[in-house]
Amino acid sequence: METQNEKKILLSAVQPSGTPTLGNYIGALANFTKLQNDYSCIFSVADLHSITVPQDPAKLRANTYDLLALYLACGIDPEKSILFNQSHVSAHAELAWVLNTVTYVGELNRMTQFKAKCQSHADNINMGLMDYPVLMAADILLYQTELVPVGADQKQHLELARDLALRFNNRFGETFRVPEPYIAKTGARVMSLAEPDKKMSKSDANVNAFISMNDDPDAIMRKFKRAVTDSGSEIRFGQDKPGISNLLTIYAVCADTTVEQAELEFAGAGYGTFKQRVGEAVVEKLRPIQERKQKIAQDKAYLTKILAEGASAAERIAYKTLRKVYKKVGFVPRERM
Ligand code: TYM
């Protein structure tokens, strides 16, 4: 893909740790495909980020291919967008190192996700877990990224990326473009089906709390049937109705409508009927994606080729920025003789 055109650069990434959820789809993947034609897009499988929590190596490898297949099944077109594996472009780790030297420990200590992960992985609070947002900043800044579509949970990390870009530019001269977040109005924070005050997460111990992108129609219907609702019987969006609001959001995105329209559509309906219809909308949204993914996932040669081409294309852009950074900080350039 050629990126030296008029279009601005958009970059995002998803970690290959487990099977993505409906939250990842609604908050991120669905927006990637929508924005694909308006930007020069770069999408990465963030495998370096994944190992900040323990991973089974064989599963990590399988999940990496699986996530790549999911990107493609969701409609990312490798002819238009660069798709690559983060660990294939060593500039990410290299820039992260330099950015570490302009990042304050206090900034990382304050990160909400770091604090949460310290609790959920109390036996493995490693440096990578803390440094994770700096690597994410490197991912973004290497490509002179304009726009970063993410779910609301990544907003704080994006603010750090902006701060680091500005700080580096101030200290060493104009080097990085300062990225903007793209956080959709609807679906930026899909909540757990079991505890609607908690984010839907693939690492939830309760499998009924999340919809996996691989769930079959029976599992999806069963999970929506069990989904926690709120007191009262009205189907309306509101702070006092976290369960129903979450279901309305999911319905709006999956049935290609708006929350307001959905409220009208279900005015007077009971919770049971509503939950059934939400389940059906999700089944129908995921069905074609799952079918495409199954086919694509079988073609390892195709996936390998995409990763190889993606890494070469990404590398060309990434190293241009890294060379600039190395020069600015005063490293002697390597001469090849
Ligand atoms: P990850 O892999 O946890 O999640 C991938 C994307 O899904 C979004 N998301 C959600 N959106 C709505 N509702 C939810 N319940 C939900 N859960 C997850 C996330 O906000 C994210 O957009 N650090 C990133 C990956 C990353 C990255 C980057 C993103 C690495 N480098 C550079 C952007 C730019 C992460 O862990 O996402």
Side-chain angles (χ1 to χ4, degrees), residues 9-32 35 41-53 55 60 63-64 66-67 70-71 74 82 84-87 89 92-93 95-96 99 111-114 116-117 120 128-129 131-143 145-162 164-165 179-204 209-213 242 245-246 249-250 253-254 314 318:
I9 297 199
L10 174 152
L11 177 139
S12 201
V14 178
Q15 292 189 67
S17 45
T19 305
T21 67
L22 186 64
N24 296 126
Y25 176 72
I26 291 179
L29 289 156
N31 297 320
F32 299 171
L35 295 161
C41 294
I42 305 175
F43 297 112
S44 161
V45 176
D47 55 355
L48 296 175
H49 277 105
S50 285
I51 60 165
T52 56
V53 300
Q55 300 288 335
L60 178 59
N63 286 337
T64 298
D66 216 54
L67 178 56
L70 180 64
Y71 268 125
C74 286
I82 295 175
F84 77 105
N85 209 3
Q86 191 187 26
S87 65
V89 180
H92 290 249
L95 180 60
L99 292 178
M111 292 284 147
T112 311
Q113 201 173 78
F114 174 61
K117 287 207 172 157
S120 57
L129 206 54
D131 204 30
Y132 176 116
V134 180
L135 178 61
M136 181 165 159
D139 295 344
I140 297 166
L141 302 182
L142 269 179
Y143 298 90
T145 303
E146 177 86 13
L147 198 70
V148 186
V150 282
D153 63 335
Q154 297 299 320
K155 189 165 178 261
Q156 199 183 27
H157 293 161
L158 220 76
E159 278 159 9
L160 179 80
R162 287 171 56 86
L164 295 184
E180 294 290 335
Y182 174 98
I183 297 173
K185 201 175 126 261
T186 306
R189 195 171 170 81
V190 177
M191 308 307 276
S192 152
L193 299 182
E195 295 166 82
D197 54 340
K198 256 176 58 181
K199 187 185 78 166
M200 181 182 282
S201 163
K202 56 192 151 206
S203 53
D204 203 310
F210 61 89
I211 302 288
S212 142
M213 289 302 282
S245 299
N246 190 37
T249 301
I250 292 172
V253 173
C254 292

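Start at 1 and go down the list; that is how both ligands and their atoms are numbered.
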Checklist entry - Of Leu10, Asp139, Asn24, which has the heavy atom at the shortest distance from atom 9 (N) of ligand 1? => result Asn24
Next on the checklist: Is the ring pair Phe84/His92 parallel, tilted or perpendicular, if the boundaries are 30 and 60 degrees?
Outcome noted: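 Ring orientation, 0 to 90° scale: tilted.
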Measure the [atom1]-[atom2] distance between [X] and [Y] for me, rounded to the nearest 0.5 Å.
X	Y	atom1	atom2	result
Leu99	Leu164	CG	CG	6.0 Å
Ser17	Gln55	OG	CD	5.5 Å
Asp131	Met111	CG	CE	11.0 Å

Item to check | Side-chain donor or acceptor of Thr64 paired with backbone N/O of Pro16 under 3.5 Å | outcome: no
Checklist entry - Short question: side chain of Gln86, backbone of Leu48 - any donor-acceptor pair under 3.5 Å? => result yes
I need the atoms of ligand 1 closer than 4.0 Å to a non-hydrogen atom of [X], numbered in the order shown.
X	answer
Val14	2 (O), 5 (C)
His49	30 (C), 31 (N)
Leu11	32 (C), 34 (C)
Ala188	11 (N), 12 (C), 13 (N)
Gly187	12 (C)
Arg189	12 (C), 13 (N)
Ile140	32 (C), 34 (C)
Val148	33 (C), 34 (C)

Students should be able to answer this: which protein heavy-atom is nearest to [atom], and at what distance?
atom	answer
atom 20 (O) of ligand 1	Asp153 OD1, 2.4 Å
atom 29 (C) of ligand 1	Ala13 O, 3.4 Å
atom 6 (C) of ligand 1	Ala28 CB, 3.6 Å
atom 2 (O) of ligand 1	Gln15 N, 2.9 Å
atom 23 (N) of ligand 1	Tyr132 OH, 2.7 Å
atom 15 (N) of ligand 1	Val190 O, 2.8 Å
atom 10 (C) of ligand 1	Gly23 O, 3.4 Å
atom 22 (O) of ligand 1	Gly151 N, 3.1 Å

Would you say the side chain of [Y] lies within less than 4.5 Å of the side chain of [X], judging by non-hydrogen atoms?
X	Y	result
Leu70	Val14	no
Leu22	Phe210	no
Leu141	Pro179	yes
Leu11	Ile82	no

Next on the checklist: I need the contact type for Pro20 against ligand 1. Using non-hydrogen atoms and a strict under-4.0 Å cut-off, is it side chain, backbone, both or neither?
Outcome noted: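 Answer for Pro20: neither.
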Next on the checklist: Side chain or backbone, does Met200 bring an N or O within less than 3.5 Å of an N or O on ligand 1?
Outcome noted: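 By distance alone, the answer is yes.
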Item to check | Backbone or side-chain N or O of Gln154 under 3.5 Å from ligand 1 N or O | outcome: yes
Item to check | For Ala314 against Tyr143, the heavy-atom pair lying closest together | outcome: O-CE2, 3.3 Å
Checklist entry - With Tyr132, which of His49, Gln15, His157 fulfils side-chain hydrogen bond (donor to acceptor under 3.5 Å, both in side chains)? => result Gln15
